[in-house]
Q: 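Mind having a look at this structure? Questions to follow.
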There are 2 protein chains.
Amino acid sequence: MLRHFHEELEQVKEKTLRLGSLVETMVEQAVASLVDRDSRLAEEVIASDNRVDSLDLEIDEDCLRLLALQQPAAKDLRFITTAMKITTDLERMADQAVNICQRAIELNEEPQLKPYIDIPIMSQLSQKMMREALDAFVRRDADLARQVIPADNKVDALKNQVFRELLTFMMEDPRTIPRAIRLILVSRHLERIADHATNIAEMVVFLVEGKSIRHAPKEPS
Amino acid sequence: MLRHFHEELEQVKEKTLRLGSLVETMVEQAVASLVDRDSRLAEEVIASDNRVDSLDLEIDEDCLRLLALQQPAAKDLRFITTAMKITTDLERMADQAVNICQRAIELNEEPQLKPYIDIPIMSQLSQKMMREALDAFVRRDADLARQVIPADNKVDALKNQVFRELLTFMMEDPRTIPRAIRLILVSRHLERIADHATNIAEMVVFLVEGKSIRHAPKEPS
């Protein structure tokens, strides 16, 4: 019974990492579909969201079964309920990737407003945050989780930079407004992905140390 | 023991409703601070976010204790894990209310761009969605939960209307852009609040019926 429990718990970890890597690829490809002006890739990413939803449900079911059948100890209990919350965050990160794809499809139909520089950097940072937050979770590593959180400020700063730059475009030529707004939205979707990664990291610290370091809500998100 | 369990479960419901009503008031007052140009009220709402965080943690702890000590049956198990997810959504709705207050404080320092009509309607709709989703949760009422979901489209439509209207302001006079963008953000914060309410309603349907009706990700969120 005990061995069975640990095997199932390992499976929850493994599936959570698999879900994370699926979502990470979606984010990467969503931004690639914008940068490479590849709307077909964007459509593929949108279609792959189904797999995220079904894996999320599967992890949820696994966790409920573990809770029901195995009467886990306090430490494992918190781990399992945290896994259930984390998968919800991952599922919503995938939704943000889909949103980016929708903006990319619209933007790819018009001339490119400017070279995309900060947006790919935001994407890379967010992906790294997501990956490290999930590593920290499966290893129950509060230190690694804490290291994730400051990167959120970098993503925020980039988002503000994108905003300020696009504001100058809009001010100079109102015809650029619709495209500029779409790019601002893309930067906000990425910022929300980084926010979710931060949420996950904070949950991991809480899981390991039992104390909340939940961040104060910040600038426009 | 059994009676004790049901009492504790009732307490979780009661606290969840209390958290919901706290968050609802924050949303209402956040929009009031914008409409009435009352930045002091906005500051009060921001300060009240602490109470949300501590009540959220308290509910989480109550749920973990119930899971650990009481070995609940499958039905109650799912109810408790759903409560833990719902409080996370409520906490993030409160963060959105705080974001609205921050925008309100900035907007209140400048001349009002236009009368606010759609934004208060969006706020009322979102508050109603939140209230009904939580009622559906504590009563385990899937029908009521289902009724919440279509309202999300109304909120989305209003958000798009706000956007289109403000776009005309920006096109005509670029000096209005910073204020218009802030108002667009307020409408997006409200839309995210409605999104969270939709998430809660969907979780309630899943809780009661065991089937997922998770919505496809939509237009810019």
Side-chain angles (χ1 to χ4, degrees), chain A residues 46 49-50 53-54 56-57 60 63-65 67-69 71-74 77-78 80-82 84-85 88-89 91-92 94-99 101-103 163 167 170-175 177-178 180-182 184-186 188-189 192 195 199 203 206 212 214-221, chain B residues 46 49-50 53-54 56-57 60 63-65 67-69 71-74 77-78 80-82 84-85 88-89 91-92 94-99 101-103 163 167 170-175 177-178 180-182 184-186 188-189 192 195 199 203 206 212 214-221:
Chain A
I46 293 171
D49 192 41
N50 281 340
D53 283 353
S54 63
D56 173 26
L57 282 180
D60 230 50
C63 288
L64 281 170
R65 207 171 48 241
L67 289 175
L69 301 179
Q71 295 153 19
L77 191 65
R78 205 184 276 274
I80 295 164
T81 55
T82 304
M84 295 177 82
K85 289 190 183 190
T88 304
D89 276 292
E91 190 264 327
R92 295 187 191 166
D95 286 351
Q96 296 300 321
V98 169
N99 285 332
C101 290
Q102 289 165 342
R103 297 299 76 69
F163 180 74
L167 203 55
M170 293 193 279
M171 296 276 200
E172 275 163 29
D173 178 2
R175 285 168 306 172
I177 292 178
I181 297 261
R182 291 203 168 89
I184 290 171
L185 288 176
V186 168
R188 286 182 189 279
H189 295 318
R192 281 179 65 182
D195 259 5
N199 287 330
M203 285 193 265
F206 186 63
S212 170
R214 192 168 283 158
H215 64 303
K218 328 149 303 191
E219 255 294 273
S221 61
Chain B
I46 294 172
D49 192 41
N50 281 340
D53 283 354
S54 62
D56 174 25
L57 282 181
D60 229 51
C63 288
L64 281 170
R65 207 171 45 240
L67 289 174
L69 302 179
Q71 294 152 21
L77 192 64
R78 205 184 275 277
I80 295 165
T81 55
T82 305
M84 295 177 82
K85 289 189 184 190
T88 303
D89 276 292
E91 190 264 328
R92 295 186 191 167
D95 285 352
Q96 295 301 322
V98 169
N99 285 332
C101 289
Q102 288 165 342
R103 299 296 78 67
F163 180 74
L167 202 55
M170 294 192 279
M171 296 278 200
E172 276 164 29
D173 178 3
R175 285 169 304 173
I177 293 179
I181 298 260
R182 292 204 167 91
I184 290 171
L185 288 176
V186 168
R188 285 183 190 277
H189 295 317
R192 282 179 66 184
D195 259 5
N199 287 330
M203 285 192 264
F206 186 63
S212 170
R214 191 169 283 161
H215 64 301
K218 328 149 303 193
E219 254 293 275
S221 61

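Letters A, B, ... are given to chains in the order of the sequence lines, protein chains preceding strands, and every chain is numbered from 1. These figures come from a predicted structure and were not determined experimentally.
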Q: Would you give the length of the straight line joining atom CZ of A/Arg92 to atom CG of B/Asp89, rounded to the nearest 0.5 angstrom?
A: 4.0 Å
Q: Quick check for you: to the nearest 0.5 Å, what is the distance between A/Met84 atom CE and B/Thr82 atom OG1?
A: 7.0 Å
Q: Which bit of B/Leu64 comes within less than 4.5 Å of chain A, counting heavy atoms only: side chain, backbone, both or neither?
A: both
Q: Looking at every heavy atom in both A/Ile177 and B/Met170, which two are closest together, and how far apart are they?
A: CD1-CB, 3.8 Å
Q: Of the listed residues (B/Glu172, B/Met171, B/Arg182, B/Arg175), which shares the most heavy-atom pairs with chain A below a 4.5 Å separation?
A: B/Met171
Q: Determine, step by step, whether A/Arg188 and B/Arg188 satisfy the side-chain contact (heavy atoms from CB on, under 4.5 Å) criterion, reporting the C-alpha distance in whole Å, the side-chain angles of both residues, the deciding distance to 0.1 Å, and the verdict.
A: CA-CA 11 Å; A/Arg188 286 182 189 279; B/Arg188 285 183 190 277; 5.6 Å; no
Q: Enter the distance from A/Leu57:CG to B/Phe206:CZ here, rounded to the nearest 0.5 Å.
A: 5.0 Å
Q: I want to check something: taking the side chain as every heavy atom from C-beta on, are B/Thr88 and A/Thr88 in contact at a cut-off of under 4.5 Å?
A: no
Q: Please flag which part of B/Ile80 lies under 4.5 Å from any non-hydrogen atom of chain A: side chain, backbone, both or neither.
A: neither
Q: Quick one: do B/Asp60 and A/Lys85 make a salt bridge, cutoff under 4.0 Å?
A: yes
